[in-house]
Amino acid sequence: MTAGGEPVLETEGLGLTIGGARILSGIDLRVARGELVGVIGPNGAGKTTLFNLVSGIYRPTSGRVLLDGRDVTSASVAVRARAGLGRTFQTSSLFPRLTVAENVRLATQRRRGGSLSVLRFPRRGDDASAEAAQHLATVGLTHRADAAAGDLSHGDKRKLEIAVLLAMDSSVVLLDEPMAGVATGDVAGLVEVIRSIGASGRTVLMVEHHMDVVLGLADRVAVLHHGELLTCDVPEKVMADDTVQSAYLGTTAGTTAGSRAGTTAGTTAGSAA
Ligand code: ADP
Ligand code: MG
């Protein structure tokens, strides 16, 4: 269940039970440095919960999370972030009234342990600003540097969130549905940005419903279903897997999975990368 190389992120028997309900159980995942792993599964399968457990927002009721071989199961979100773990959310976490450049500069300052005060913002031309400009160039937002973050399109907001993670120097990046709400015309640009952060040696885990995006980007695909990890393998094998076919693509799945799978299966057939 792993690609070659040192695992940068591992979960061992990871599980979460809330009020007697098993949300996730027995998740064994090993992600190698520089890998891009897609996480798929029907709505309610536990994808966001997995990200919450890995990033430290939730504490597991069983199992462990290891980052660079270090047990971080009981470490706070902040400690994990400093250890290089960054994530985006299904909904945006930007400062909407600040400019695009300011959002990135704040992240740079935060990483450097500097002040978070907007009043003590570094001026243009200093190190933090130069670095911010570099990250904005990486995600293709240089031309929007002075726009208010809240005025960006969905696609550009997602790019800005990724620039913020780059500014925080996250080596492992968790993206929860980066294409959600993004206009069709912006998808290709965002795919290229995600591909480039993967190519920069960073490790990426990405929950994504657009199957063509997942299959085009991912080195491996993890499939969650009813809180369990069905498989984690190269895209071709996952798509050929009978269990995945019946569980995820809806041959025997319930209504939620079935209706969701109807659209995703169509997408795959129509535009596999
Ligand atoms: P996905 O992201 O795959 O759509 P989630 O991880 O958001 O799924 O949710 C998985 C299941 O866990 C859902 O049934 C959801 O209602 C439940 N769940 C998630 N968080 C909590 C919580 N804090 N308390 C109770 N149930 C939760
Ligand atoms: Mg989710």
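In listed order, ligands and their atoms are each counted from 1. On a predicted model such as this, the values are computed, not experimentally measured, just so you know.
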* Asked: Around R97, counting heavy atoms of other residues, nucleotides and ligands shown, do more than 12 lie under 6.0 Å from its CZ?
  -> no

Give the numbers and elements of all ligand 1 atoms closer than 4.0 Å to a heavy atom of [X].
X: T49; result: 5 (P), 6 (O), 9 (O), 10 (C), 19 (C)
X: N43; result: 4 (O)
X: I18; result: 21 (C), 22 (C), 23 (N), 24 (N), 25 (C)

* Nearest to atom 2 (O) of ligand 1 by heavy atom, T48, I57, I40: which? -> T48

* When rounded to the nearest 0.5 angstrom, what is the spacing between CD in E208 and CG in L175? -> 9.0 Å

* Asked: Is there a heavy atom of Y58 sitting under 4.0 angstrom from any atom of ligand 1?
  -> yes

* Would you say G41 touches ligand 1, if touching means a heavy atom closer than 4.0 Å? -> no

* Asked: Are side-chain heavy atoms of L190 and D186 found at a separation under 4.5 Å?
  -> no

* Pick out which of L152, L136, L98 makes a side chain to side chain contact (heavy atoms under 4.5 Å, CB included) with N103. => L98

* Backbone or side chain, does T48 get an N/O/S atom under 2.8 Å to the Mg ion (ligand 2)? -> yes

* Asked: So which bit of I23 gets within less than 4.0 Å of ligand 1, heavy atoms only: side chain, backbone, both or neither?
  -> side chain

* With sequence neighbours excluded, what pairs up with R144 under the salt bridge (charged side-chain N to carboxylate O under 4.0 Å, His left out) test? -> none

* **R64: side-chain hydrogen bond (donor to acceptor under 3.5 Å, both in side chains) partners, not counting sequence neighbours** => E12, D71

